[in-house]
Chemist: 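Here it is, the structure, as structure tokens.
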Amino acid sequence: MKLLIDDARLDEIKKIYEFYPVAGVTTNPTILSKIGGNPFETLKKIREFIGEDAQLHVQAVSRRAEKIVEEAWHIAKLLGTNTYVKIPAVPEGFKAMKILNETSEIPFTATAIYTPMQAFIAGQCGASYAAPYVNRIDNMGFNGLTVAKDIQQIFERNFMETEVIAASFKNSQQVLELCKCGISAATLSPEIFIALVKNFAIDSAVEDFISDFENFAGKDKTMLDFQ
Ligand code: E4P
């Protein structure tokens, strides 16, 4: 499972990149609205930091297919390769996906997915990824994990190349459940990223090892102090 960061705050992105394996960054209009200003200033800084090999997912916001297609070209031109244009999985979005699929090499991610059939249609339209919103689906009284797993199964059983990038998590257990099923990718807020391996028992075990070593070798001594 590839792990991406669902955030546009460069300082938070840098903190996660320093410690964890990260495949890229996803954003959405709400995330960008929290930064404000020219969205491309924010996005270019993210691209510069993560490099051209990492994925950057950026959403188009037009309501009509033709305009979504124009936005896609614009986003891809300004942010380079490995930029995935997020397109909502609604009828105008499907139309835009079909046009892009037939006329460009621009990769796109079907977003705002609440039902398996949205993902199936987006996959047929050539989407590289489909993004089910796990937590938002839960909040509607359905099971977000089940929806994400169903989508994965639909892609596999229909021999489709579209991958699942699960989104909208509220805890690390949801991520674990999808990891166990081999879901291709998940995009996480920095808080959930950190929560994946945050555990007092782990910290305490590591501290015990260090203090046991220091007890016989001396304070701040490490293996480097011995031959
Ligand atoms: C995914 O594409 C969205 O950017 C995001 O994960 C939605 O998350 P939220 O439900 O926490 O806003």
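First listed ligand is number 1; within each ligand, the first listed atom is number 1.
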Chemist: State the NZ-CD1 distance between Lys221 and Ile210, to the nearest 0.5 angstrom.
Modeler: 15.5 Å
Chemist: Taking only residues at least two apart or on different chains, which pairs with a member in residues 129-148 satisfy ring-ring contact (aromatic ring centres under 6.0 Å, His included)?
Modeler: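 For residues 129-148, and leaving out neighbouring residues, the ring-ring contact (aromatic ring centres under 6.0 Å, His included) pairs sorted by first residue read His57-Tyr129, Tyr84-Tyr129, Tyr114-Tyr133.
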Chemist: Does a donor on one side chain and an acceptor on the other come within less than 3.5 Å for Thr81 and Glu52?
Modeler: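 No, Glu52 and Thr81 have no side-chain donor paired with an acceptor closer than 3.5 Å.
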Chemist: Report the residues that fulfil side-chain contact (heavy atoms from CB on, under 4.5 Å) with Glu92, sequence neighbours left out, ordered by chain and then residue number.
Modeler: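 Arg64, Ala65, Lys95.
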Chemist: With sequence neighbours left out, what residues match Thr42 under side-chain contact (heavy atoms from CB on, under 4.5 Å)?
Modeler: Ala8, Leu32, Ile35, Ile46
Chemist: Under the salt bridge (charged side-chain N to carboxylate O under 4.0 Å, His left out) rule, what do Glu41 and Lys44 come out as? Steps first, then yes or no, please.
Modeler: CA-CA 5 Å; Glu41 260 177 43; Lys44 282 177 185 171; over 6 Å; no
Chemist: Collect the protein residues that have a non-hydrogen atom under 4.0 Å from ligand 1 and hand them over in chain and number order.
Modeler: Asp6, Asn28, Lys86, Thr111, Tyr133, Arg136, Ala167, Ser168
